[in-house]
Amino acid sequence: MIDLNRIQMFVQVVEQGSFTKAANVLGLTKATVSRKVAELEADAGVQLLYRTTRALKLTEAGADYYHRVNRILVDLTNAEDQLSARQQTVKGHLKIVCPIEMGQLYFGRIFARFLALYPDITIEAELTNRQVDVVGEGIDMLFQITEQTDERLKTYALINTPKILMASPKYIEKYGEPSTPEQLVEHQCIRLGSPHIDGNWTLFNGKKWLTVEPQSRLETNNITLMREAAIEGLGIAAIPLVIAHDALERQELVTILDDFPMKQSLVTMSIPQRVYLPRRYQVFIEFLYQALFDNWQNRVLDVPDFIQRPDFDE
């Protein structure tokens with residue numbers, strides 16, 4: 001007879017990356033989870049996991065088994081969600097990861113409004129600019145500013161956001177304003193960079209794209225910090241419009257080289273590939289897209305099949 005409990009324990013061990021974390025999620029002891037997974041391996045007659053002191057890794061058989069049973073569990077969860085939907089009750093937990101600045105500016109209000117509508121859903125939100133392993137860390141949704149893709153994930157391009165070169169009026173008064181991209185190398189700049197971020201600037205001169213390596217005394221992986229340093233007059237920075245809007249309105253920053261547009265930043269949403277999308281995913285994505293349509297209208301890019309794109313007047 002199939003024991004769904006120990007199959008669920010195995011899946012949690014894989015997704016959480018350890019017996020201890022899986023036990024915490026399931027509300028069980030580590031010993032219980034370890035014993036049940038060992039029983040599953042014994043009954044199957046095959047090793048599913050390589051166990052080391054530092055990490056767990058799936059065997060080839062374990063990886064195949066995980067993908068098969070995960071689809072089955074998703075089907076069961078979807079069936080349960082459908083029953084809940086009939087009763088107009090959606091419940092469950094969402095683990096969401098997004099960039100720090102995006103989370104600070106937008107997701108606080110979105111989460112609050114969404115949870116007010118769905119009191120039986122809980123959200124665990126991590127704001128970070130680190131590289132994230134969605135499958136390995138058991139993450140439900142990942143928001144990024146990137147064009148990179150992962151075949152294990154279903155990724156939607158949400159919006160393109162303009163990035164603009166800008167500086168404070170006092171910097172321009174002291175050092176002058178460049179009139180061409182080539183003159184940027186003569187200026188103090190504030191560079192966005194990390195092991196996973198290319199801090200160079202790419203601008204279009206009307207004929208071709210030009211790449212400029214900014215000369216910086218300050219490099220950071222945080223756009224908000226970069227904006228504040230620019231306001232203080234440290235140098236020229238390339239800042240997304242959504243991050244700098246208020247500072248531009250207050251004339252703490254002014255745009256430069258307006259005739260040389262920069263490449264836009266792509267905001268994406270990624271979720272694990274699933275045969276069926278759990279109901280809690282659907283209602284959150286529907287809520288999010290309504291907010292996107294309200295603010296960006298026809299500039300919203302990819303739209304999931306289960307969402308109706310509104311008609312906007314051109």
Side-chain angles (χ1 to χ4, degrees), residues 7-18 21-27 58 66-85 89-100 102-104 106-146 148-159 267-292 302-307:
I7 294 175
Q8 289 176 319
M9 291 180 198
F10 166 70
V11 168
Q12 280 296 330
V13 169
V14 174
E15 294 182 348
Q16 299 302 323
S18 77
K21 291 180 180 179
N24 289 337
V25 170
L26 295 167
L58 284 166
Y66 167 75
H67 290 300
R68 289 176 181 273
V69 298
N70 192 50
R71 287 196 294 267
I72 294 171
L73 292 176
V74 168
D75 287 348
L76 292 173
T77 300
N78 187 68
E80 183 179 354
D81 287 340
Q82 291 298 324
L83 289 176
S84 295
T89 299
V90 185
K91 59 184 179 180
H93 184 72
L94 289 171
K95 188 174 181 180
I96 299 175
V97 175
C98 62
I100 294 171
M102 186 188 301
Q104 291 172 332
Y106 296 107
F107 275 103
R109 293 182 181 181
I110 287 176
F111 290 158
R113 293 168 183 166
F114 173 77
L115 293 174
L117 291 176
Y118 297 95
D120 293 313
I121 292 180
T122 57
I123 291 177
E124 176 186 350
E126 179 185 353
L127 275 57
T128 181
N129 292 328
R130 68 180 177 86
Q131 279 196 316
V132 174
D133 180 358
V134 172
V135 175
E137 297 180 43
I139 292 166
D140 295 303
M141 295 182 194
L142 171 66
F143 294 89
Q144 297 182 95
I145 302 176
T146 183
Q148 296 180 352
T149 58
D150 184 333
E151 64 181 10
R152 300 175 301 170
L153 309 176
K154 175 64 175 175
T155 297
Y156 298 93
L158 299 181
I159 55 171
V267 180
T268 64
M269 175 185 70
S270 298
I271 59 177
Q273 292 277 12
R274 291 177 178 269
V275 178
Y276 296 106
L277 198 63
R279 181 65 177 154
R280 66 185 184 280
Y281 279 53
Q282 291 188 30
V283 294
F284 179 80
I285 293 172
E286 288 169 354
F287 186 88
L288 172 69
Y289 266 87
Q290 186 57 59
L292 290 173
D302 295 343
V303 178
D305 294 339
F306 59 89
I307 292 178

Specify the closest pair of heavy atoms between [X] and [Y], including all atoms of both residues, with the distance to one decimal.
X	Y	value
Q16	K21	O-CD, 3.4 Å
L153	P272	CD2-CA, 4.0 Å
M141	L94	CE-CD2, 4.3 Å
T155	D302	O-OD2, 4.4 Å
V132	T128	CG2-CG2, 4.4 Å

Any chance you could measure [X], atom [atom1], to [Y], atom [atom2], to the nearest 0.5 Å?
X	Y	atom1	atom2	result
Y156	L288	OH	CG	12.0 Å
I110	I123	CD1	CD1	10.0 Å
Q282	I285	CD	CD1	7.5 Å
E286	R279	CD	CZ	5.5 Å
D140	I271	CG	CD1	9.5 Å

List the steps, then state whether side chain to side chain contact (heavy atoms under 4.5 Å, CB included) holds for I139 with E126.
-> CA-CA 10 Å; I139 292 166; E126 179 185 353; 5.5 Å; no

Is the backbone of V90 close enough, under 3.5 Å, to the side chain of D120 for a donor and an acceptor to pair up by distance?
->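 It does not hold such a pair.
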
Under 3.5 Å: donor-acceptor pair, side chain of E137, backbone of D133 |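 Checked: pair present.
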
Answer yes or no: is there a side-chain heavy-atom contact under 4.5 Å between C98 and Y106?
->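 A side-chain contact is absent here, since even the closest heavy-atom pair is not under 4.5 Å.
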
Report yes if the side chains of P99 and L127 come closer than 4.5 Å at any heavy-atom pair, otherwise no.
->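 The answer is no; the side chains never approach within 4.5 Å.
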
Hey, can you tell me if F111 and F284 have their rings parallel, tilted or perpendicular (30° and 60° cut-offs)?
->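 Aromatic pair F111/F284 classed tilted.
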
Which word best sums up how the rings of F107 and F143 line up, parallel for under 30°, tilted for 30 to 60°, or perpendicular for over 60°?
->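 It falls in the tilted class, 30° to 60°.
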
Above 12 or not: heavy atoms from other molecules or residues under 6.0 Å from NZ of K95?
->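 Counting other residues, nucleotides and ligands, NZ of K95 exceeds 12 neighbours.
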
Any chance you could lay out the side chain to side chain contact (heavy atoms under 4.5 Å, CB included) test for F287 and R113, step after step, and finish with the verdict?
-> CA-CA 9 Å; F287 186 88; R113 293 168 183 166; 3.6 Å; yes

Might you work through the side chain to side chain contact (heavy atoms under 4.5 Å, CB included) test for Y289 and L158, ending with a clear yes or no?
-> CA-CA 9 Å; Y289 266 87; L158 299 181; 3.2 Å; yes

Could you walk me through whether F114 and I121 pass side chain to side chain contact (heavy atoms under 4.5 Å, CB included), step by step?
-> CA-CA 9 Å; F114 173 77; I121 292 180; 3.7 Å; yes

